[in-house]
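The figures here come from the full heavy-atom set of this structure, side chains too, leaving out hydrogens, waters and symmetry mates. Quick note: residue numbers are just sequence positions, from 1.
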Amino acid sequence: MRSDLMKAGLTRIPHRSLFKAAGLTDEELAKPIVGIVNAQNDVIPGHIHLDTLCEAAKAGVLAHGGTPLAFPAIGVCDGIAMGHEGMRYSLVSREHIADSVEIMATAHPFDALVFIPNCDKIVPGMIMAALRLNVPSVFVSGGPMLPSWRSGRKITLSSVFEAVGQSAAGKMTEGERKEIEDSACPGCGSCAGMFTANSMNCMLEAVGLGLPGNGTVPAVYAGRVRMAKTAGRMAMELLSRGIKPRDIVTPDSLHNALSADMALGCSSNTVLHLLAIAHEAGIAMDLESINAVSRATPHLVKLSPAGDAALADLDLAGGVPAVLKELEKEGLIRGSAMTVTGKTVSENLASAENRDPELVRSKSTAYSPDGGLAILWGNLAPDGAVVKKGAVLPEMMTHSGPARVFDSEEDCTGSLLDGKIKPGDVIVIRYEGPKGGPGMKEMLTPTATLAGMGLDKTVALITDGRFSGASRGASIGHISPEAASGGLIGLVREGDLIAIDIPNNSLELKVDGKEIEKRRSGWKPVVKEVPRGVLSRYRKIVTSASAGAVLQDD
């Protein structure tokens with residue numbers, strides 16, 4: 001056993017003594033030791049209940065002959081960090097989580113691992129760690145929050161962010177604001193729509209590292225506790241069979257995850273994270289290959305913010321297996337890929353059922369013949385940009401307009417609330433990329449403000465930063481190269497014409513080449529001051545968003 005490195009033999013007498021100080025018996029030390037990576041904290045609503053799942057996972061391990069030992073992982077709530085300096089640290093936390101789990105599970109060589117994440121960067125950070133460590137691993141997430149209701153309509157976190165714009169436009173009273181603030185997030189779980197957390201929890205399931213139901217069973221359901229117990233059991237079974245994360249995360253399983261991503265219309269952040277996951281697995285993936293999957297995959301499901309349904313509705317419809325089943329019918333799923341159930345994808349899907357064809361559509365009734373995400377290229381984004389096209393209104397799929405240029409998210413939001421953005425404009429927010437931010441902030445505040453003010457029908461927003469999965473509208477992010485690295489977005493001036501053509505994957509600055517070169521000769525990057533520490537180090541070694549914003553290995 002791998003854990004023998006820290007517990008077996010004459011030279012490990014001191015080690016066993018330290019374990020006994022923690023209350024372990026000889027009988028417990030003789031068994032496989034399973035690490036439980038528990039991301040519980042009292043800050044993130046999606047994580048406040050994870051101790052319950054941790055205890056359930058421990059019970060599953062104990063019942064099947066293992067000794068569970070839990071340790072923590074940090075997490076950032078993107079909603080609470082949104083719109084201020086805290087958002088610089090969100091993407092950075094992904095790398096920290098991967099590093100810290102690697103440290104813990106190498107310093108203490110566990111035989112297997114159960115990962116308990118839930119929200120945004122915690123999920124990909126843990127997947128990256130699992131691939132580095134490559135010991136038998138199972139994931140069980142905390143599950144989605146239930147939606148709330150207001151005036152007979154489902155509401156989620158995006159409704160609260162859009163209330164800012166509605167209030168600024170005089171469309172909402174103080175009483176209405178208070179009502180939606182108090183009711184939109186009714187309890188524990190990852191925010192109820194197809195935002196980044198739930199997108200990545202669905203990706204866990206589609207890539208084979210999470211059990212069926214991982215992406216959709218609500219946080220408050222007993223089924224989530226049973227799933228955690230099953231995860232503990234499966235960790236022991238995978239250990240006995242020698243099945244490891246790199247046996248599961250393969251080119252075929254990543255293809256399945258991308259296909260599910262496009263069919264579900266997930267957050268644009270999935271592109272960033274799947275690229276990073278592929279990098280950890282040593283598998284080639286780039287924006288061209290992602291776009292190829294998008295072109296081949298119909299958009300079958302629209303959840304909030306693209307539609308009115310929530311993750312709980314998808315669960316009732318059959319969950320991610322129902323979506324994969326529809327894709328399998330069209331030959332878009334590679335069914336031989338292995339999963340943490342110990343069975344292949346096709347074996348898992350044998351009993352899957354689409355119980356709501358209105359919510360989970362077939363290819364013949366799809367919202368579009370291609371996927372919910374699209375990659376754009378052009379002189380503004382020669383290395384690519386990402387848009388959640390499934391959440392773009394039809395009238396904004398093509399758009400040309402004058403640039404309104406801001407060097408920070410805060411400046412843009414101030415102009416929006418002051419009524420300085422007009423119909424037809426193209427907002428440009430730059431120096432918010434991985435290096436320029438640094439940290440590549442999510443920008444739900446300006447996109448939600450646009451939507452709340454009704455400007456998402458006439459105004460586009462482009463950035464070298466990124467967007468929350470709760471963003472909707474013609475919001476184009478991840479523009480690469482970013483401004484801080486000399487990208488053309490750094491040379492855009494107020495009033496320049498920008499042309500967006502999402503169906504044809506195009507993003508162009510309509511400025512003469514000679515004028516661009518003239519501007520470049522006098523260009524100096526905006527360098528934002530950051531405190532010494534993690535942000536300063538991150539800026540020096542982070543790569544482009546087009547490569548997943550991973551850290552340079554050398």
Side-chain angles (χ1 to χ4, degrees), residues 88 91-92 95 268-269 271-276 278-279 284-291 373-387 403 405-409 412 426-443 460-467 475-493 496 498-502 505-528 530 535-554:
R88 297 188 191 280
L91 185 59
V92 176
E95 317 307 314
S268 58
N269 281 316
V271 172
L272 204 64
H273 300 322
L274 288 172
L275 285 168
H279 174 78
M285 181 188 287
D286 57 23
L287 294 180
E288 287 279 6
S289 61
I290 291 172
N291 213 49
L373 298 178
I375 311 299
L376 309 185
W377 287 274
N379 65 352
L380 264 175
D383 294 341
V386 184
V387 61
V405 183
F406 304 93
D407 288 343
S408 72
E409 175 196 14
C412 171
V426 177
I427 295 171
V428 178
I429 304 177
R430 61 194 183 188
Y431 296 103
E432 292 288 12
K435 288 183 182 295
M440 202 179 184
K441 291 192 296 186
E442 279 187 352
M443 285 176 271
L461 193 160
I462 70 171
T463 181
D464 52 10
R466 59 194 179 91
F467 297 109
S475 304
I476 299 165
H478 305 201
I479 288 177
S480 302
E482 61 176 291
S485 295
L488 185 59
I489 188 172
L491 303 181
V492 178
R493 292 183 179 174
D496 286 349
I498 292 175
I500 299 165
D501 187 343
I502 295 172
N505 305 93
S506 176
L507 179 62
E508 292 282 339
L509 175 66
K510 297 298 184 179
V511 172
D512 178 78
K514 290 183 179 179
E515 172 61 21
I516 290 174
E517 288 309 309
K518 180 182 176 182
R519 295 181 189 179
R520 190 175 296 281
S521 65
W523 171 78
K524 290 184 179 179
V526 173
V527 180
K528 297 179 180 178
V530 296
L535 289 181
S536 178
R537 294 193 299 272
Y538 184 84
R539 179 158 57 190
K540 293 174 184 176
I541 58 175
V542 69
T543 62
S544 169
S546 62
V550 298
L551 302 184
Q552 297 175 49
D553 291 329
D554 56 356

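- Here the shortest heavy-atom pairing between P434 and D464 reads CD-O, 4.3 Å.
- Taking CE of M440 as the reference point, atom OG of S544 lies at 8.0 Å (rounded to 0.5 Å).
- You'll find the side chain of K435 reaches within 4.5 Å of the side chain of S485, heavy atoms only.
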Next on the checklist: side-chain contact (heavy atoms from CB on, under 4.5 Å) for L507 and I479? Distances and angles first, verdict last.
Outcome noted: CA-CA 10 Å; L507 179 62; I479 288 177; 3.8 Å; yes
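- To the nearest 0.5 Å, atoms CD1 (I489) and CD (E482) are separated by 9.5 Å.
- The backbone N or O of G490 lies less than 3.5 Å from no partner atom in the side chain of R519, so there is not a single donor-acceptor pair.
- In this structure, N269 contributes its side chain and F467 its backbone to a donor-acceptor pair below 3.5 Å.
- Note that the CE atom of M285 and the NE2 atom of H279 stand 13.0 Å from one another [nearest 0.5 Å].
- When side chains are defined from C-beta on, F406 does not count as touching E432, because their heavy atoms never get closer than 4.5 Å.
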Item to check | side-chain contact (heavy atoms from CB on, under 4.5 Å) between V527 and R539, worked out | outcome: CA-CA 11 Å; V527 180; R539 179 158 57 190; 4.1 Å; yes
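- At least one side-chain heavy atom of I375 sits less than 4.5 Å from a side-chain heavy atom of V386.
- Within the 4.5 Å cutoff, the side chain of L272 has heavy atoms near those of the L91 side chain.
- Here the CG atom belonging to L373 is positioned 11.0 Å from the CG atom belonging to L287, to the nearest 0.5 angstrom.
- Closest approach of L275 and S546 over heavy atoms only: CD1-O, 3.5 Å.
- You'll find the side chain of R537 stays beyond 4.5 Å of the side chain of K540, heavy atoms only.
- How far CZ of R466 is from NE2 of H478: 7.0 Å, rounded to the nearest 0.5 Å.
- Of the possible polar contacts, none joining the S506 side chain to the G378 backbone as a donor-acceptor pair under 3.5 Å is found.
- The nearest pair of heavy atoms linking S475 to V387 is O-CG2, 3.6 Å.
- In this structure, K510 and N379 have side chains that are not in contact, with every pair of non-hydrogen atoms separated by 4.5 Å or more.
- Inter-residue side-chain proximity for P438 and V542 is flagged as unmet; no heavy-atom pair is nearer than 4.5 Å.
- Between the SG atom of C412 and the CZ atom of R430 there is a distance of 12.5 Å, given to the nearest 0.5 Å.
- Shortest non-hydrogen contact noted between K524 and Y431 is O-OH, 4.1 Å.
- Taking the side chain as every heavy atom from C-beta outward, L376 and D501 never approach each other to under 4.5 Å.
- Heavy-atom minimum distance, V92 versus G439: CG2-CA, 4.3 Å.
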Item to check | side-chain contact (heavy atoms from CB on, under 4.5 Å) evaluation trace for V530 with Y538 | outcome: CA-CA 11 Å; V530 296; Y538 184 84; over 6 Å; no
